[in-house]
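Here is how names work: the chains are called A, B, and so on, in the same order as the sequence lines, proteins then strands, and each is numbered from 1. Worth knowing before you read on, the calculation uses all heavy atoms, side chains too, and leaves out hydrogens, waters and symmetry mates.
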Amino acid sequence: MTISTENIRVRIAPSPTGDPHVGTAYIGLINFLYARQHGGKFVLRIEDTDRARFVATSEQMIFDALRWLGIEWDEGPDVGGPFGPYRQSERAAIYREYVEKLLANDTAYRCFCTPEELEAVRRQQMAAKVPPRYPGTCRNLTNDQIQLKLFESTPCTIRMKVPVEGSTTFRDELRGEITFNHNNVDDQVLMKSDGFPTYHLANVVDDHLMQISDVIRAEEWISSTPKHVLLYQFFGWDAPRFWHMPLLRNQDKSKISKRKNPVSLVYYRQAGFLPEAMINFLGLMGGGMPAEINNASEKFTLQEMIEHFNIRNIRLGGPVFDLTKLRWLNGEYLRALTPEAFYAELRKSVLADEYLSAIAALVQTRIETLSEFGNLTGFFFSDNVLPSPEVFLPKKRMLEETLAFAGEQLTVLEAAEWNASAIEAALKQLGEQQGWSVKENFMLLRTILTGSQMSPPLLESMMIFGKARTLDRLRRFIDAQKKLAAQKK
RNA sequence: GUCCCCGUCGUCUAGCCCGGCCUAGGACACCGCCCUUUCACGGCGAUAACACGGGUUCAAAUCCCGUCGGGGACGCCA
């Protein structure tokens, strides 16, 4: 590759909005490999500009998950570096400074339209089957009009001024040239009315300031790339190279999502996947390993990937994230362990002291001999429990409404903060809304999670079992029941 | 709807860029057999794909065009 002599700098830019995502790990892996192969730097930047979706615990989970996989960054919020700060919320002044330049440039303008107005227009356009687009209301306000609005303290956003005529062409390193006509590029909001930048502005400014040479990101960004390229032009900067990786997919080929797949790295870790297996599996997605290795076993380490992986050989078709194959791979890695190492892995996860002692506390008053320990706690140790309808179906309920309610429980639990009182309150509220008694409500959840109507206290059990595994179990229960119902029809 | 991207076994892929070695290779899953007191593991085997149609060429999975199919984007989310 001809670029090896340059100063290669790449980055990933996850948003701390929840659990760390397998997609982040995938893109992180590719960036990491690329940096290592070219003697470059790999930067981790936290894009926390969306206050509404911000989750305080998320950032640390992202760090932990990436390190668990062996993906190490050279610069980032926790390790520092010469181009910090690496958290966008700490860079607010920088974005303000640069957006001023665009305003002065006449390549951006203030927009006083309200979210409600914009939403109404969008709906109209959708209904008329016209591409939804900003109507340009504020694009040509006079200076007086703007001063008046500002004087009145009308909240405003700042939008980029996309040229009316012409088109923007950029090069995708894997696909070649891609052209977008400007009438298909909307006047993107660059700065929100709360003063925070949007992704597009912050991303371009930071990538430039952090001297990023190659932007390696997911395919979903292709359609906003012309906006980014235009921004580089507005600023008078050189754009980096762009590489858009294929999107990981659900079984049905749609973009991978938590509704159809476990996507949380926390889940995979807690469910007992080894990082070596996970990273190997991610390396299989999209290919890129040479035939002699791929055809031999498909098994390789992170180090082997650094040595042999070639980003230019990535296949562009979106790979289905196939749990079955991941599980097989994980089994391979498990079997390859020495008995001692295997036992050590067990002690680190499902037989960890903290886990066992927490469970023990729940059953102490409920058993009469120690050997009964397993009777009440089996569900903590099995990968899944699938109760039959006799067990989970409340007496006066139909299967369909019960599954629908379980789906509601799932939604509530997804959104819930993971502590017993918050969960209890949220579930009770749901029950009241839907006309489910507390007893029906909690018994349903109990049977789904434990497989039995008799179990240790539900909420405490859920705390120990963990959010990721709880949600997964609920999801799998609903899926399995739906599949069964469909078979009967 | 509009724009953009993509298209090799059910799934992940090798081959594609640089046409012939492709009778399209490997892996997972599925099926069968062997091993085995059970279940796994392991071994062996079978089924299974170049989306379709046109070109270019002596020759196309590989290059070009079209059709169809799939996906993504269209937010004061990232």
Side-chain angles (χ1 to χ4, degrees), chain A residues 13-18 21 23-24 46-54 88 111-119 122 125-134 155-159 167 172 174-176 178-186 188-203 217-227 244 246-256 280-299 310 312-329 331-332 334-335:
Chain A
S15 283
T17 54
H21 198 275
T24 303
I46 295 293
E47 309 224 329
D48 54 349
T49 56
D50 185 350
R51 295 179 330 186
R53 294 202 306 154
F54 179 76
Q88 290 186 331
C111 172
F112 298 92
C113 299
T114 66
E116 294 72 33
E117 289 167 356
L118 295 171
E119 183 52 37
R122 204 168 6 251
Q125 291 169 324
M126 286 289 212
K129 306 214 170 193
V130 175
R133 206 118 297 163
Y134 178 64
C156 73
T157 63
I158 295 172
R159 289 180 182 272
S167 61
D172 177 287
L174 299 174
R175 285 161 251 259
I178 300 175
T179 298
F180 283 81
N181 196 304
H182 286 166
N183 54 30
N184 291 316
V185 183
D186 209 5
Q188 182 64 47
V189 170
L190 299 177
M191 188 154 291
K192 307 174 225 177
S193 56
D194 65 3
F196 275 83
T198 60
Y199 170 88
H200 307 277
L201 203 229
N203 206 261
R217 61 187 2 171
E219 191 179 1
E220 57 190 330
W221 294 108
I222 288 181
S223 45
S224 40
T225 304
K227 293 172 184 172
H244 291 98
L247 241 23
L248 264 25
R249 310 290 184 97
N250 298 312
Q251 289 285 326
D252 64 4
K253 304 275 190 181
S254 58
K255 176 166 93 165
I256 195 167
N280 189 162
F281 182 67
L282 289 175
L284 249 19
M285 303 280 91
M289 286 296 271
E292 60 268 27
I293 290 176
N294 189 75
N295 288 355
S297 68
E298 296 191 344
K299 275 180 274 181
N310 185 351
R312 295 213 178 261
N313 287 143
I314 283 285
R315 287 179 54 80
L316 268 8
V320 171
F321 194 88
D322 181 10
L323 264 309
T324 306
K325 186 151 184 177
L326 205 210
R327 294 174 64 84
W328 163 78
L329 239 194
E332 288 283 299
L334 243 25
R335 276 174 238 122

For every nucleotide of nucleotides 70-78 of chain B, 5' to 3': is a protein heavy atom under 4.0 Å from its base (B), only from its sugar-phosphate (S), or from neither (-)? SSSSBSBBB

Let me have a per-nucleotide readout for nucleotides 17-24 of chain B, 5' to 3', with B, S or -, counting only protein heavy atoms under 4.0 Å. --------

Going 5' to 3' through nucleotides 62-69 of chain B and flagging B where a protein heavy-atom sits under 4.0 Å of the base, S where only the sugar-phosphate is that close, and - otherwise, we get --------

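Of all nucleotides listed (B:C4, B:U13, B:C28), B:C28 comes nearest to the side chain of A:Thr324.
Contact annotation: side chain of A:Lys325 to base of B:A27, donor-acceptor pair present below 3.5 Å.
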Check: protein-nucleotides 41-45 of chain B nitrogen or oxygen pairs below 3.5 Å:
{"from": "B:G42", "atom 1": "OP1", "to": "A:Glu332", "atom 2": "OE2", "distance (Å)": "3.3"}

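Using the Watson-Crick or G-U wobble rule with both distances under 3.5 Å, B:G10 pairs with B:C28.
Contacts of A:His200 classified as ring pair (Phe, Tyr, Trp, His ring centres under 6.0 Å), with partners at least two apart in sequence or in another chain: A:His228. For A:Glu119, the salt bridge (charged side-chain N to carboxylate O under 4.0 Å, His left out) partners two or more places apart in sequence, or in a different chain, are A:Arg122, A:Arg123.
B:C28 and B:G70 are spaced 30 Å apart, taking the P atom of each and rounding to whole Å.
Backbone-only contact: A:Thr179 has heavy atoms under 4.0 Å from sugar-phosphate atoms and none from a base.
Both the sub-6.0 Å distance and the 45° axial angle are satisfied by A:Arg159 relative to the ring of A:Tyr134.
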